[in-house]
Amino acid sequence: MTTAQTPAPAAADAPSRRPSEIAIEALIWLAGASTIVIVALIFYFLLREGINTFLDIPLRQLFGRRWYPIEDQFGLLPLLAGTVIVTLGAVIIAVPLGVIAAIYLGEIAPPWLREILKPLIEILAGIPSIVLGFLGWVALAPVVQRLGAPTGLTGFTGSLLLAYMALPTIISIAEDALYAVPKEYRDGSLAIGATQWQTIWRVVLPAARSGLVIAVMLGIGRVIGETMAVLMVTGNAANVPSLGLATFFSPVRTMTATIAAEMGEVAQGSLHYNVLFGIGLILFVITFLVNWLATRLVGVNSMRRKRGGGL
Amino acid sequence: MQAKLSIQNIYYTYPDGSEALRNITFDVQPNEVFVLFGPARSGKTTLLRLLNRLTDLIEGDTIRGVITFNGVNIAERTVDVYSLRRRISMVFAVPTPLPGSIYSNLTYGLRMAGVRDKTLLDARVHQSLEQAGLWDEVKDRLNSSAMALSGGQKQRLCLARSLALEPEVILLDNPTSGLDPISTSVVEETLRVLRERYTIIMVPHSVQQAARVADRAGFMLDGELVEVADGEQMFLHPQDQRTEDYITGRFG
């Protein structure tokens, strides 16, 4: 009689194979698979529409300085230069500011101030880029012009604006990284006479390094991908600026801005159309490289930690 | 003989108003192992953290009373806590190796104090590792990560990190929690040797450990110091009923 009451192992297994379970599992699988399929399709589409850029245009011309689509001159150098200048400028401004702000928030600010600042920073992240672009155009550009630039709409203006946009991303992720550093590290350092600054600099920052790298990389990703705001404030001139201080204080145009500005007017299927997709492909590759670099850096860091670097 | 540390009528209140220490008074003599034991949340750890002013990290707390260290009141807000913490250093319940090599962990305190002399740093590393009983185990891999050590080794590393500063007093907050019996006995053995050079105040893992290592002991309960006595006296013939109840396992 007792054996009859004990359910067989197979019976215990049965509930997990109910139809609803199967349906839910399938749904989850579908959701996961769809992201992969969509990314693959995007890449395929970009490749199909953009590959002609690299097949039909001689490389010498493609990497030339002349971007005159009406004359069938598709030199990408001005656009690459624009993106590099604006991104570099934004990173130079945003990374130190972001990391320092995160240190202040996470390590120094009194709790009541942190409670005020953190939501404010998150609101900053939520401001639509077109609104920031408008602000930059109306408020920031005149200031830059007053600094002595020939026009207020320059690469530097774009950098400032993009830095502002990347800051919330960098700050909140960097702050999370600092928060994840065990309290014991700080105690251990303070308990043998290190000051708060020494503790932050020698212990907390090295311990949070991989998180900080990710914060910076995501910030860069945000900067490279931004379109409308840069379109509005960088002056929209597809020129390669001369080297020196003028590099940052000349009007430029980024790759993203070019796509946004010209896509509406281009004849579908024309070479110009293909080149715009080609630019998209290059952006895709750049984003991929940034991500790859980020994982590499994080990987190297954790390896170095195993070997005993840091401090 | 002047007491190394003299705690006089100390009251400590957390920012939320809860009183963690009430009227604590006792002396710690040079070169003794003074054990503070008692049930959880009786204020032992708070008292240790107060002694090297880690309580400064808490804003809005209040300290009343006097703690003299070699005759100087260190409960004053004006005391230089950084040099104080080099002379009264603390080791925690959870081993806290810092991310980095064994060598950089050991020299950390000295380097933060501004010591750059490589010969001195090397000498202190050797000496402190010997004192903590870790030299033989790690002498060939001083440049490998401190994170790769075992739990007991990490704890002795943290002990050595404090010793490298040649402090006068070492505060040990349950240094053998989470260690196996063999590592525990190694650490306890180390304490017996260290007593010759340092003054040690320790919160033990258990009453049994308290009885094993204590020269003198204080029993704490609900933020009060119930009784202070020599080790043997305390654990064989406690004066206070509450101490006896705790030692014999009637509560706690």
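Just so we're on the same page: letters track the sequence lines, and every chain starts at 1.
- For a residue to count as touching a neighbouring chain, one of its non-hydrogen atoms must lie under 4.5 Å from one of that chain's; by this rule Leu110(B) does not touch chain A.
- Side chain of Glu184(A) to main chain of Thr96(B): no donor-acceptor pair is present (N/O by atom type, distance under 3.5 Å, no hydrogens or angles).
- Taken from CH2 in Trp201(A) to CE in Met112(B), the straight-line distance is 12.0 Å, to the nearest 0.5 Å.
- Neither the backbone nor the side chain of Pro95(B) comes within contact range of chain A; no heavy atom of the residue lies under 4.5 Å from a heavy atom of that chain.
- To the nearest 0.5 Å, atoms CZ (Arg111(B)) and CD (Gln198(A)) are separated by 10.0 Å.
- Residues Pro97(B) and Tyr185(A) approach most closely at O-CE1, 3.5 Å, considering heavy atoms.
- Residues that satisfy the ring-ring contact (aromatic ring centres under 6.0 Å, His included) test with Phe43(A), not counting sequence neighbours, are Phe284(A).
- Under a 3.5 Å cut-off, the side chain of Arg86(B) and the backbone N or O of Gly193(A) do form a donor-acceptor pair.
- The number of heavy atoms from other shown groups lying within 6.0 Å of CZ (Phe69(B)) is above 12.
- Side-chain contact annotation: Ser189(A) with Tyr108(B), donor-acceptor N/O pair under 3.5 Å present.
- Within the 4.5 angstrom heavy-atom criterion, no atom of Arg87(B) approaches chain A.
- With Leu190(A) as the partner, the side-chain contact (heavy atoms from CB on, under 4.5 Å) test is satisfied by one option alone out of Leu57(B), Asn52(B), Val81(B): Leu57(B).
- A side-chain contact (heavy atoms from CB on, under 4.5 Å) with Ile192(A) is found for exactly one of Met90(B), Arg85(B), Arg161(B), namely Arg161(B).
- The number of heavy-atom neighbours closer than 6.0 Å to CZ of Arg192(B), taken from other residues, nucleotides and ligands shown, is above 12.
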